[in-house]
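Single-structure report; data block below.
The basis for the numbers below is simple: all heavy atoms, side chains too, and nothing from hydrogens, waters or symmetry mates. Quick note on labels: first sequence line is chain A, next is B, and so on, each numbered from 1.
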Amino acid sequence: MNTVYLYTMVGVGLFTLGLYALLIHSHLLRKILAINVMGSGVFLVLVALAAPTQGAVPDPVPHAMVITGIVVAVSATALALALVLRVRTETGRAELPEEPLE
Amino acid sequence: MEAISLLPLMTLLQLVFDTLLGFALLWLAWRALASPELFQAIVLFIAFGLLMALAWVRLDAPDVALAEAAIGAGLTGALLLATLARLEVKNRAKSELEKKHEVRVITEKSKHQTFFFLLRMLLFMVVATGLVYAVLTLPENTSGLAMPVLENLESSGVSNPVTAVLLNYRGYDTLLELSVLLLALLGVWSFGGIPKPYRSFPGPVLNMLSRLLIPLLIMVAGYLLWVGAHAPGGAFQGGSVLGAAGVLLLLVGWRLGTRFVGLPLRITLVFGVGIFVSAGVVFILLGRQFLEYPPSFAGVLILLIEAAATLSIGITLAALFLGGRPEFRRHK
């Protein structure tokens with residue numbers, strides 16, 4: 001069990017944890033947190049697989065992809081948070097209804 | 001002799017550290033997603049982001065570590081806390097009822113609860129097993145794209161391979177990423193003005209500290225931009241540090257003068273994308289491909305594009321934190 005597999009497994013764990021939280025919580029802010037944790041899991045898998053195996057240099061392409069991913073994630077989060085505030089002003093609550101809407 | 005005998009010990013210590021870090025990450029993520037208090041959840045999420053930065057360092061990705069610490073933990077946390085504050089202001093009248101509602105999802109018991117719990121567990125076991133299988137069956141010891149990147153590094157104009165990938169080899173990705181950032185701001189602005197109940201009264205500590213920190217942050221942003229050509233750093237790291245300076249300014253109550261809010265602000269926001277696109281178009285006219293730079297002055301071009309991008313990223317992130325379109329035709 002080397003470092004690469006350790007971190008890829010943590011990445012898979014984070015993704016699954018985030019997916020679980022995304023589905024069970026009805027509060028929109030928690031859903032946004034969950035999506036961010038899922039994203040971190042994906043990034044961790046990508047970078048862990050790019051890590052050098054035997055003293056070589058790490059692959060810079062996944063690193064660049066992850067930096068791009070982090071910026072896109074923060075953009076999406078900002079837009080989602082603005083949407084949450086808007087949902088709150090429109091409906092008076094920042095969470096999904098328990099019962100399906102008619 | 002001593003050095004040789006220390007080597008297995010160091011490997012063991014590193015393994016112990018990695019294992020602890022891995023468990024800490026999973027535990028923090030779980031606590032952040034399960035804690036009943038939203039404020040606590042967000043603070044745990046910020047801590048999680050900082051530990052992620054540590055994991056990037058362990059995985060030999062210092063560029064990603066810088067981006068994560070500044071954006072992933074810092075700015076995302078600031079955005080989440082600002083939104084929570086705005087929700088709470090509106091929340092004050094509803095008080096306890098709402099808070100109970102928040103945790104009801106976890107505590108509520110019903111007849112179907114057990115069935116759905118088992119169904120969920122089954123679903124997640126399948127997802128987790130599938131992912132673990134997919135990751136473990138990936139081909140081992142592939143060199144990836146590390147060698148082609150390093151072989152062409154000399155003609156890219158910079159000596160930091162990550163910056164070379166971001167600004168030269170995969171310039172399209174970065175251009176589109178800047179556009180996504182701009183698009184997100186456009187989306188936020190389309191909801192209208194800045195949310196009303198947002199007045200912060202900075203204490204003396206924040207007031208003094210911001211005066212000390214903001215010049216320092218601007219200097220660090222410039223340094224990261226410059227150093228990105230040959231060491232970890234670059235436009236995104238520099239831009240997010242600049243964005244952090246902007247957030248700090250907004251927190252102490254500073255607002256952009258109304259005469260700058262109209263056209264000057266908008267031009268600054270699209271400056272990065274504008275320079276990027278025009279650099280690409282100029283070389284099409286000179287008979288090259290879009291975003292293909294001649295090796296002789298690729299370095300200068302990349303620095304120019306990165307400088308414009310840093311400014312735009314910083315201002316965009318601060319504008320996203322403000323959470324609405326600043327009004328520029330206000331009459332007193």
- Message: At a heavy-atom distance under 4.5 Å, which candidate from A:Val12, A:Ile67, A:Leu79, A:Leu17 has the highest pair count against chain B?
- Response: A:Ile67

- Query: Can you find a pair of side-chain heavy atoms, one from A:Thr89 and one from B:Phe191, that are under 4.5 Å apart?
  - Reply: no

- Task: Using modelled atom types only, decide if a donor and an acceptor are shared between the side chain of B:Thr137 and the backbone of B:Ala134 within a distance under 3.5 Å.
- Result: yes

- Item | Heavy-atom proximity to chain B below 4.5 Å, by part of A:Thr77 | side chain

- Message: Heavy-atom pairs under 4.5 Å with chain B: which of A:Leu22, A:Val72, A:Val47 has the most?
- Response: A:Val47

- If you tally heavy-atom pairs under 4.5 Å against chain A, which of B:Leu178, B:Val180, B:Val64, B:Leu185 wins? B:Val64

- Does B:Leu75 reach the side chain of B:Ser240, with side-chain heavy atoms less than 4.5 Å apart? yes

- Donor-acceptor contact below 3.5 Å, side chain B:Thr83 vs main chain A:Ala82: no

- Could you look at B:Ala32 and say if it's the side chain, the backbone, both or neither that has a heavy atom under 4.5 Å from chain A? backbone

- Item | Beyond-backbone contact of B:Phe45 with A:Ile32, side-chain heavy atoms, under 4.5 angstrom | no

- Query: Given that the side chain runs from C-beta out, which part of A:Phe43 has a heavy atom under 4.5 Å from chain B: side chain, backbone, both or neither?
  - Reply: both

- Scored by heavy-atom pairs under 4.5 Å with chain A, the best of B:Arg170, B:Met52, B:Glu177 is B:Glu177

- Give a yes or no on whether B:Trp189 atom CH2 has more than 12 heavy-atom contacts from other residues, nucleotides or ligands under 6.0 Å away. yes

- Query: Top residue by heavy-atom pair count (under 4.5 Å) with chain A, among B:Tyr169, B:Phe116, B:Trp56, B:Phe48?
  - Reply: B:Trp56

- Message: Between B:Leu54 and B:Leu25, does the side-chain contact (heavy atoms from CB on, under 4.5 Å) criterion hold? Intermediate values first, please.
- Response: CA-CA 10 Å; B:Leu54 208 56; B:Leu25 279 173; over 6 Å; no

- Task: Could you tell me which portion of B:Phe17 (side chain, backbone, both or neither) has an atom closer than 4.5 angstrom to a non-hydrogen atom of chain A?
- Result: neither

- Query: When only pairs under 4.5 Å are counted, which of A:Leu33, A:Val84, A:Asn36 shares the most heavy-atom pairs with chain B?
  - Reply: A:Leu33

- B:Met125 portion near chain A, given a 4.5 angstrom heavy-atom threshold: neither

- Message: Quick check on B:Phe23 against chain A: is it the side chain, the backbone, both or neither that has a heavy atom closer than 4.5 Å?
- Response: neither

- Contact origin within A:Ala78 toward chain B - heavy atom pairs under 4.5 Å: both

- Item | Sidechain-backbone polar pair: A:His25 side chain, B:Leu33 backbone, donor-acceptor under 3.5 Å | yes

- Note on the structure: Greatest number of non-hydrogen atom pairs under 4.5 angstrom with chain A, of B:Val132, B:Asp173, B:Val127, falls to B:Val132

- Query: Side chain, backbone, both or neither: which part of B:Gln14 has a non-hydrogen atom closer than 4.5 Å to chain A?
  - Reply: neither

- Message: Taking every non-hydrogen pair under 4.5 Å, which of A:Thr8, A:Val66, A:Val45, A:Leu14 racks up the most with chain B?
- Response: A:Leu14

- Say whether, by atom type as modelled, one donor and one acceptor occur between the side chain of B:Thr174 and the main chain of B:Leu166 under 3.5 angstrom. yes

- Message: Counting only non-hydrogen atoms closer than 4.5 Å, does B:Val149 touch chain A with its backbone (N, CA, C, O), its side chain (CB onward), both, or neither?
- Response: side chain

- Message: Measuring only between side-chain heavy atoms, which start at C-beta, is B:Leu317 closer than 4.5 Å to B:Leu181?
- Response: yes

- Note on the structure: Looking only at A:Ser75, A:Gly69, A:Gly18, the option with the highest number of non-hydrogen pairs under 4.5 Å against chain B is A:Ser75

- Task: Check whether any side-chain heavy atom of A:Val61 lies under 4.5 Å from a side-chain heavy atom of A:Met65, and answer yes or no.
- Result: yes

- Message: Taking side chain as everything from C-beta outward and backbone as N, CA, C, O, which of these in A:Tyr7 sits under 4.5 Å from a heavy atom of chain B? Side chain, backbone, both or neither.
- Response: side chain

- Between A:Val37, A:Val10, A:Val71, which residue shows the highest count of heavy-atom pairs closer than 4.5 Å to chain B? A:Val71

- Residue pair A:His63 / B:Asp63, side-chain heavy-atom distance below 4.5 Å: no

